[in-house]
Q: 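Pasting a structure below so you can have a look.
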Amino acid sequence: MNGVSHMLPFVVGGGVLIALGFLIDTIAGNANVGGNFGFTNPIAAVVFWIGKAAFAFMLPILAGYISQSIADRPGLLPGIVGGYLATTGATLSSPQVTILLYWAF
């Protein structure tokens with residue numbers, strides 16, 4: 001439960017910002033634009049992308065604090081990094097992890 005309680009501000013904040021981006025786009029009169037809803041107004045697009053970035057932090061924070069509950073403070077950083085790698089879909093054969101491992105050693 002430790003990870004869920006630390007993840008909730010990112011879920012709530014990201015959801016509110018995404019909804020606010022849609023609201024700004026609707027108020028601007030761009031409600032019926034098809035697949036570009038939320039992106040036609042520049043302010044709505046910025047608010048939407050900030051909310052999406054907050055959602056992107058959700059899984060790394062959850063993984064980090066679950067890891068901290070298992071291994072105490074030394075587990076926080078490896079958990080967040082592991083959660084980030086899980087979010088990006090990285091594997092040991094992908095270039096991003098190869099570069100990451102190259103610079104780590």
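Treat the numbers as computed from the prediction; the structure is a model and nothing was measured.
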Q: With a 4.5 Å cut-off on side-chain heavy-atom distances among I, L, V, M, F, W and Y, is there a chain of contacts connecting Val16 to Phe22?
A: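 Hydrophobic grouping puts Val16 apart from Phe22.
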Q: Same hydrophobic cluster for Ile43 and Leu23, using side-chain heavy-atom links shorter than 4.5 Å among ILVMFWY?
A: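 Yes, same cluster.
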Q: Looking only at heavy atoms, which two atoms of Ala44 and Ile24 are closest? And how far apart?
A: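 Looking at all heavy atoms of both residues, the shortest contact is CB-CG2, 3.9 Å.
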Q: Group every Ile, Leu, Val, Met, Phe, Trp and Tyr by side-chain heavy-atom contacts under 4.5 Å, then state whether Ile61 and Val81 land in the same group.
A: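 Shared cluster, no.
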Q: How far does OG1 of Thr87 sit from CG of Leu62, to the nearest 0.5 angstrom?
A: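 Answer rounded to 0.5 Å: 9.5 Å.
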Q: Between Leu77 and Leu85, is there a shared hydrophobic cluster once you connect ILVMFWY residues whose side-chain heavy atoms come closer than 4.5 Å?
A: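 Same hydrophobic cluster.
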Q: With a sphere of 6.0 Å drawn around CG of Leu8, does it hold more than 12 non-hydrogen atoms of other residues, nucleotides or ligands?
A: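 Counting neighbours around CG of Leu8, more than 12 heavy atoms of other residues, nucleotides or ligands fall under 6.0 Å, so yes.
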Q: With respect to Phe48, which candidate in Ile18, Leu17, Asn41 satisfies the side chain to side chain contact (heavy atoms under 4.5 Å, CB included) definition?
A: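 Among Ile18, Leu17, Asn41, the one that satisfies the side chain to side chain contact (heavy atoms under 4.5 Å, CB included) with Phe48 is Ile18.
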Q: For the CD1 atom of Ile66 and the CD1 atom of Ile80, what is their distance to the nearest 0.5 Å?
A: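 Ile66 CD1 to Ile80 CD1: 12.0 Å, rounded to 0.5 Å.
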Q: Please find the pair of heavy atoms, one from Gly14 and one from Ala54, that lie closest to each other, and give the distance.
A: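 In this case the closest contact between Gly14 and Ala54 is CA-CB, 3.8 Å.
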Q: Can you tell if the side chain of Gln68 reaches within under 4.5 Å of the side chain of Asn2, non-hydrogen atoms only?
A: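 Yes, side chains in contact.
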Q: For the hydrophobic clusters of this structure (ILVMFWY residues joined by side-chain heavy atoms under 4.5 Å, transitively), does one cluster hold both Tyr65 and Phe57?
A: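 Tyr65 clusters together with Phe57.
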Q: Would you please indicate yes or no on a ring centroid separation below 6.0 angstrom for Phe10 and Phe55?
A: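 No, they do not, as the ring centres are separated by 6.0 Å or more.
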Q: Kindly give the heavy-atom pair with the smallest separation between Pro9 and Ser5, and that separation in Å.
A: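 Here Pro9 and Ser5 meet closest at CD-O, 3.6 Å.
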Q: Under the 3.5 angstrom rule, does the side chain of Ser67 hit a backbone N or O of Ala63 as a donor-acceptor pair?
A: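 Answer holds: no.
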Q: Which atom names give the shortest non-hydrogen contact between Val11 and Met58, and what distance separates them?
A: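 Smallest interatomic distance, heavy atoms only, reads CG2-SD, 3.1 Å.
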Q: For Pro60 and Ala56, work out which heavy atoms get closest and say how close.
A: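 For Pro60 and Ala56, the tightest heavy-atom pair comes out as CD-O, 3.3 Å.
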